[in-house]
Undergrad: 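I have a structure here, written as structure tokens, and I will follow up with some questions on it.
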Amino acid sequence: MLLEEIRNIKSEKKDLRNFGITIGIVLGILGGALWWKGKDTYNIFIILSLAFIFFGLVLPAALKPLQKAWMTFAVILGWFMTRLILSVLFYLVFTFIGWGARLFGKQFLDLKMDNSQKSYWISRKNKTLNRSDYERQF
């Protein structure tokens, strides 16, 4: 699945042009921030910015290897970060909710078996339905 996503990275002329201009603008902003802070390395970022913008506008096909490498890195990073975020969400948030519920005696599901019961079905109370009940089902 990950390899299929990497193979399906679009590298048409428009995509390469957008890549070159976007990276050029970001590098230009970074160079401007470094210049504003008084750092000597600002000129490297400005030169790279102008090069990316130039190639993006004039010769976007020259940016294809860089764009493929960058987008491959982005797909791999996205795959990893998705799993990391979901793991953190599950283990931190849901685990602590479960611990808190146990601490206060709350049970979200009635899982105790009672052999004397004929059925575990909970009958619904009949009530007259209004038109608004169909629009707001929950």
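Start at 1 with the first residue, then count along the sequence. Only this structure's heavy atoms are used, side chains among them; waters, hydrogens and symmetry mates stay out.
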Undergrad: Could you see if Phe96 belongs to whatever hydrophobic cluster contains Leu89? Use Ile, Leu, Val, Met, Phe, Trp, Tyr and a side-chain cutoff under 4.5 Å.
TA: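 No, Phe96 and Leu89 fall in different hydrophobic clusters.
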
Undergrad: Give, for atom CZ of Phe80 and atom CD1 of Ile85, the distance between the pair rounded to the nearest 0.5 Å.
TA: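 Here the interatomic distance stands at 10.0 Å.
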
Undergrad: When rounded to the nearest 0.5 angstrom, what is the spacing between CE in Met81 and CG in Leu86?
TA: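 Answer for the CE-CG pair, Met81 versus Leu86, is 10.5 Å.
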
Undergrad: State, without any angle test, whether Ser132 and Asn130 hold a side-chain donor-acceptor pair at a distance under 3.5 Å.
TA: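 Their side chains do not contain a donor-acceptor pair, so the 3.5 Å distance test is not met.
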
Undergrad: Please indicate whether Glu4 has more than 12 foreign heavy atoms, meaning atoms of other residues, nucleotides or ligands, lying under 6.0 Å from its CD.
TA: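 No.
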
Undergrad: Determine whether Leu66 and Ile44 fall in the same hydrophobic cluster, where Ile, Leu, Val, Met, Phe, Trp and Tyr are linked whenever their side-chain heavy atoms lie under 4.5 Å apart.
TA: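 Yes; Ile44 is reachable from Leu66 via cluster members.
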
Undergrad: With a 4.5 Å limit on heavy-atom distance, are the side chains of Leu16 and Phe55 in contact?
TA: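 A side-chain contact is absent here, since even the closest heavy-atom pair is not under 4.5 Å.
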
Undergrad: Check for me, please, whether Phe94 and Phe108 land in the same ILVMFWY cluster - side-chain distances under 4.5 Å, paths through other members count.
TA: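 Result: no, two separate clusters.
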
Undergrad: Same hydrophobic cluster for Leu50 and Leu59, using side-chain heavy-atom links shorter than 4.5 Å among ILVMFWY?
TA: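 Same cluster: Leu50 reaches Leu59 through Ile, Leu, Val, Met, Phe, Trp or Tyr contacts under 4.5 Å.
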
Undergrad: Please, which pairs that meet side-chain hydrogen bond (donor to acceptor under 3.5 Å, both in side chains) have at least one residue in residues 76-93, sequence neighbours excluded?
TA: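 Not a single pair qualifies under side-chain hydrogen bond (donor to acceptor under 3.5 Å, both in side chains).
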
Undergrad: Do other residues, nucleotides or ligands put more than 12 heavy atoms under 6.0 Å from Phe19 CZ?
TA: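 Result for CZ/Phe19: enclosed.
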
Undergrad: Return yes if some donor-acceptor pair links the side-chain N/O of Arg17 with the main-chain N/O of Gly56 below 3.5 Å, else return no.
TA: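 Yes, Arg17 side chain to Gly56 backbone: donor-acceptor pair under 3.5 Å.
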
Undergrad: Run through the side-chain heavy atoms of Ile, Leu, Val, Met, Phe, Trp and Tyr, join any pair under 4.5 Å, and report what else lands in Leu103's cluster.
TA: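 Once heavy-atom contacts under 4.5 Å are chained together, Leu103 belongs with Phe104.
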
Undergrad: Let's go through Gln107 and Lys112 carefully: what are the C-alpha distance in whole Å and the side-chain angles of both, what is the deciding distance for side chain to side chain contact (heavy atoms under 4.5 Å, CB included) to 0.1 Å, and is it a yes or a no?
TA: CA-CA 10 Å; Gln107 288 186 349; Lys112 293 181 182 173; 4.0 Å; yes

Undergrad: Side-chain heavy atoms nearer than 4.5 Å, only ILVMFWY residues, links allowed to pass through others: does that put Leu3 and Ile76 together?
TA: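 The answer is no; the residues belong to distinct hydrophobic clusters.
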
Undergrad: Do any pairs count as a side-chain hydrogen bond (donor to acceptor under 3.5 Å, both in side chains) and have a residue in residues 54-71, sequence neighbours left out, and if so which ones?
TA: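 Passing the test, one end in residues 54-71: Ser11-Gln67.
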
Undergrad: Could you pull out all donor-acceptor pairs under 3.5 Å where a side-chain atom in residues 20-33 meets a protein atom, sequence neighbours excluded?
TA:
unit_1: Thr22; atom_1: OG1; unit_2: Asn18; atom_2: O; d: 2.6

Undergrad: With side-chain hydrogen bond (donor to acceptor under 3.5 Å, both in side chains) as the rule and sequence neighbours excluded, what pairs involving residues 92-103 come up?
TA: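 Non-adjacent pairs meeting side-chain hydrogen bond (donor to acceptor under 3.5 Å, both in side chains): zero.
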
Undergrad: If you look only at pairs with a residue in residues 36-62, which of them pass as a side-chain hydrogen bond (donor to acceptor under 3.5 Å, both in side chains), with sequence neighbours excluded?
TA: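 Those involving residues 36-62 do not exist here.
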
